[in-house]
Every structure is written in C-alpha cells, then in structure tokens.
Amino acid sequence: MSDIISVKAPVNIAVIKYWGKRNEKLIIPLNDSVSATLDTKVMCAKTSVCARPDFVEDRIWLNGVEESVKNERLQNCLIKIRSIATEQQSVEKDFLQWKVHICSENNFPTAAGLASSAAGYACLVTALAKLYKVKADLSELARLGSGSACRSIYGGFVRWHAGTKPDGSDSVAKQVVDSQHWSEMRVLVLVVADTKKHISSSTGMKITAETSEFIKHRVEVTVPSRVEKICDAIKQKDFTTFAELTMKDSNEFHATCLSAYPPCVYLTDTSHKIIQIVHFYNEMCGSPKVAYTFDAGPTACLYLLEDEVPKVLSLINHFFPSSSNKDFVKGLPCPTLENIEFLKNSKIQPSGNDLIKYVIYTKVGDGPIILNDSDHLLNENGKPK
Ligand code: 2P0
C-alpha cells in the first residue's frame, strides 16, 4: 500500500511573453518572461499520483479520459524525477520500480482559451516530487513538461529567467513579489467566441523562431529592457508603467507572430475591438486604468485595480452585449456595475450579441498546495474515483 498525493496548482498569465525556444527538448526559452499567478479558488488544475507494487504500468487519466503515457514531455518529467530520487536515495530501491497512476483535472473549460498545460504540469511535478521525496527546483522540473508551467510553481508575480547554461539548470522561475504585495490587482478574462483552430503554441513559436526577422530584435532589445522595467513597476505598484509595458509587449508579441512565414494569426476582430475599447477608456480617463494582454488565441486578459472593476465591467457590457445576463461574470462575486457618462459620446458602436461568451473575474493568488485526503482523484485501488 502507498499513499496518494494530491495537489492543486494555478494558471498564470504572462505580461512579458515567452515565445521561442533555444532548446526544444529541454524547453529552454529564448527570453525571460514575467507573469501573474491567478487565484486557484477560481481556476486550477488538480492532480493525484500514487505508486504501488501491484500496478503493471504507468497510467494517466486527464479530465476523465485515459491518455497515452508515452507522451514525450510527461516521460521527461517522470524520468527526471525518478533519476533525482535514485541519486538522492530519497526512497527505497523497491519503490523506484513501482509504477505510478496519475489522474488530473482542470476546473475550467479548455475552450476558455487559457492554456491548461501550465497548471497541469505544475501540479504533476509538485505531486511527483512529494511522492518520491526529492529535493529539487520544482520550476526546473515543471519546465520540462511545458515552458510556462515553471511560472505556476510560485504565487504572486513571477519571472522565468531564460538562463545561459546548455543543460537548462539556470532556466528557472523566481518570485518577484508575493500575492499580497499588490493585493488590489484584479484580472478579467474575456472569453471570446471562437470556432477557428489556431496553430498550437509549440508549433507557432517554432515557425516564428525559424522565419521571423523581428524576433531577434524582440529577444535581444525590447524584452530584456521591458522585463527589468516591469519588475520595478510591480515592486513599486506603479500601475501606469505596468499597464503600458503589458499592452506594448502583447502587441509586439502578436506582431512578431504575424511576421512569421506562414504567419501565426491569433487575434480576431473581437480581440481588436477589445484593444480599441481599452485605449478609448484609458484615453477618456487620462491615464491607463486597464491593460489588455492576449496569448496564443483571441481571449483577452485584462489587468486592472479593484476599484476599476465596476466601471470596466459596464464598459464590456455596453460594447459586447450578452443575450443572457445570468452567469455572464463567473469567479469572484460580481460588483454592482457603475454607469460611465462618457460612453454615450463614444463613436465606437456596440457589437452584436455574444461575441464575448463570458467573463472570468479573478485576482492574483498563491502557488501550488497539497490537498487533504478527501480531495484525492484516485480511489484506494489507484483508479479514478
Ligand atoms: C506565455 N505562451 O508566456 C506565452 C505567451 C503563449 C503566449 O507560454 O511548448 O504551452 O509547452 O513550452 O508554455 C504557451 O506556450 O509552450 C505560452 P511549451 P507553452 O505564457
């Protein structure tokens, strides 16, 4: 018999984007990136792991469906953790021969347009490291599963250092500030209606790194300077600088994607309209009050301070009407919306209904946590519950 370990881990949203690898297998990035970790009470992945002498093979279930354990990235994580355990002699020799069962779930739909692999791999390596009692930098292990996963190992704002060593041992994430440092910071995820199949991040960054002329400038000039400036802005809670750098980096990242050949197109007309409305709102306010950022899809993440949420939600309601107001805002309790006078004078026309499917309201949160026995996803036989 052996114990089951269960872990809950967060999603993160980059404000300075990771795009392009210098080592595909070890997932070592071309540039540093910075992100905020989001509250696991709103969005999270959960994973349970268990090793037993009577298991005949390693097995994995994702969102209720058994998947192949032969997945290269999963294998890289398993092999690495077992080899550290062997080296550190952290468990009995017999235990190292036992097979593992892994069961993982996300509490948010993948259709929400948010990468689930970051939370998933942060969960997996945290759980396996505890199961095998290894002492290691968990961000380095999570990186082997998915690059952005290394940032989900810490709460608050996090910087992934690209590092310079060929083996990736210095390509690790570090916390910039904890989740309480800028406690007023909020995030609105605008889930954009989207039927198009986009190029995956891994393929997109490979094409971009191989064909884009612009990426060199981004990696060598703009990102290094932005990373330092945004870390300072976060430490000083300087929203104006933070917002400008976030929006500029999102725009430059998508311009870089467009400069690939063939181009990687992730934004839609709705995304562009969100960008236009945010600039309109910030201009009317006289300084940036809200910042957009987009990953490899049309879904927008807006960063803003808590006291702006009632106004920005009514801004979204005005320009992107929903045919059902029920459940339009999920996550944290929705505040009473505040009317905005200057909307009446806007030359921008409201869109047709339901271009934004719903909004997830959340905040900056903490890193992975170990769960209680009652939260296991595996039963005592090591099968999904
Ligand atoms: C980021 N993205 O910094 C960037 C911005 C998407 C756009 O990290 O191949 O799933 O597993 O390392 O981490 C998404 O890419 O790619 C991503 P892999 P990953 O968040």
Side-chain angles (χ1 to χ4, degrees), residues 9-38 43 45 62 71-77 106 110 112-125 139-154 157-163 168 171-173 176 187 189 198-210 212 215 218-219 222-223 226-227 230 245-258 260 264-267 271 291-301 303:
V11 168
N12 72 76
I13 304 290
V15 288
I16 304 295
K17 306 295 189 187
Y18 147 51
W19 200 250
K21 300 180 178 75
R22 77 174 154 86
N23 183 314
E24 290 278 333
K25 181 160 191 286
L26 294 174
I27 314 191
I28 307 176
L30 288 173
N31 57 265
D32 287 20
S33 53
V34 178
S35 59
T37 295
L38 303 186
M43 279 180 283
L62 295 179
N71 175 309
E72 190 191 347
R73 290 164 167 224
L74 173 62
Q75 282 301 323
N76 287 347
C77 292
N106 302 316
T110 36
L114 295 160
S116 55
S117 60
Y121 274 105
C123 250
L124 178 78
V125 301
S139 76
E140 191 188 344
L141 298 177
R143 197 199 73 225
L144 297 174
S146 181
S148 53
C150 75
R151 299 186 310 237
S152 280
I153 293 295
Y154 299 103
F157 284 86
V158 181
R159 173 173 178 176
W160 175 12
H161 297 259
S171 184
V172 294
V176 178
V187 174
V189 181
H198 297 273
I199 300 169
S200 75
S201 291
S202 303
T203 309
M205 58 179 94
K206 194 164 188 288
I207 300 173
T208 313
E210 284 167 1
S212 165
I215 198 167
R218 173 169 169 76
V219 165
T222 40
V223 169
R226 272 187 198 137
V227 165
I230 208 161
L245 291 167
T246 297
M247 292 187 277
K248 284 180 176 173
D249 197 70
S250 175
N251 294 340
E252 188 192 73
F253 154 56
H254 287 282
T256 307
C257 288
L258 271 184
C264 302
V265 185
Y266 293 116
L267 303 183
S271 318
Y292 53 76
T293 186
F294 296 83
D295 284 342
T299 284
C301 291
Y303 279 91

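All ligand and atom numbering here is 1-based and tracks the order in the structure. Residue numbers count from 1 along this sequence. Side chains included, hydrogens not; waters and symmetry mates left out as well; all remaining heavy atoms used. Please read these numbers as outputs of a predicted model, since none were measured by experiment.
- Polar contact with ligand 1: absent for Ile16 (N/O pair, distance under 3.5 Å).
- The 12-atom threshold is exceeded at NZ of Lys21, counting heavy atoms of other residues, nucleotides or ligands nearer than 6.0 Å.
- When only non-hydrogen protein atoms are considered, atom 14 (C) of ligand 1 lies nearest to Ser201 OG, 3.4 Å.
- Between Phe253 and ligand 1 there is a heavy-atom distance shorter than 4.0 Å.
- In this pair, Trp19 and Tyr266 present their aromatic rings perpendicular. The plane angle is above 60°, beyond the 30 to 60° band.
- The shortest side-chain heavy-atom distance between Pro10 and Leu38 does not fall under the 4.5 Å cut-off.
- Between Ile16 and Phe253, every side-chain heavy-atom pair lies at or beyond the 4.5 Å cut-off.
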Start with the C-alpha distance between Val189 and Cys301, add both sets of side-chain angles, then the distance that settles side chain to side chain contact (heavy atoms under 4.5 Å, CB included), and finish with yes or no. CA-CA 4 Å; Val189 181; Cys301 291; 4.2 Å; yes
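- At least one heavy atom of Ser117 sits closer than 4.0 Å to an atom of ligand 1.
- Inspection of the Thr256 and Arg218 side chains reveals no N or O donor paired with an N or O acceptor under 3.5 Å.
- Scanning the protein for heavy atoms near atom 16 (O) of ligand 1, the closest one is Met205 CE, 3.7 Å.
- In terms of protein heavy-atom proximity, atom 13 (O) of ligand 1 is closest to Ser148 OG, 2.7 Å.
- With ligand atoms numbered from 1 in the order given, ligand 1 contributes 12 (O) to contacts under 4.0 Å with heavy atoms of Ile27.
- Looking at Arg73, Lys17, Arg143, Glu24 and measuring to atom 5 (C) of ligand 1, the nearest heavy atom belongs to Lys17.
- Residue Arg151 places a heavy atom under 4.0 Å from ligand 1.
- Here Ser116 pairs with nothing under the side chain to side chain donor-acceptor pair (under 3.5 Å) rule; sequence neighbours left out.
- Considering backbone and side-chain N/O of Asn12, none are found under 3.5 Å from N/O of ligand 1.
- Here the CD1-OG distance, from Ile13 to Ser152, works out to 9.0 Å after rounding to the nearest 0.5 Å.
- Checked against a 3.5 angstrom limit, the closest N/O atoms of Trp19 and ligand 1 fall outside it.
- In summary, of the residues considered (Ser201, Ser146, Ser148), a side-chain hydrogen bond (donor to acceptor under 3.5 Å, both in side chains) with Ser117 occurs for Ser146 alone.
- Side chains of Asp249 and Val223 form a contact here, defined as non-hydrogen atoms less than 4.5 Å apart.
- Among all non-hydrogen protein atoms, the one lying nearest atom 8 (O) of ligand 1 is Tyr18 CD2, 3.2 Å.
- Checked against a 3.5 angstrom limit, the closest N/O atoms of Ser202 and ligand 1 fall inside it.
- Below 3.5 Å of separation, one finds an N or O of Ser146 facing an N or O of ligand 1.
- Heavy-atom proximity to Lys21, at under 4.0 Å, picks out these atoms of ligand 1: 9 (O), 12 (O), 18 (P).
- Counting atoms of ligand 1 from 1 in the listed order, those under 4.0 Å from a heavy atom of Ala14 are 1 (C), 3 (O), 20 (O).
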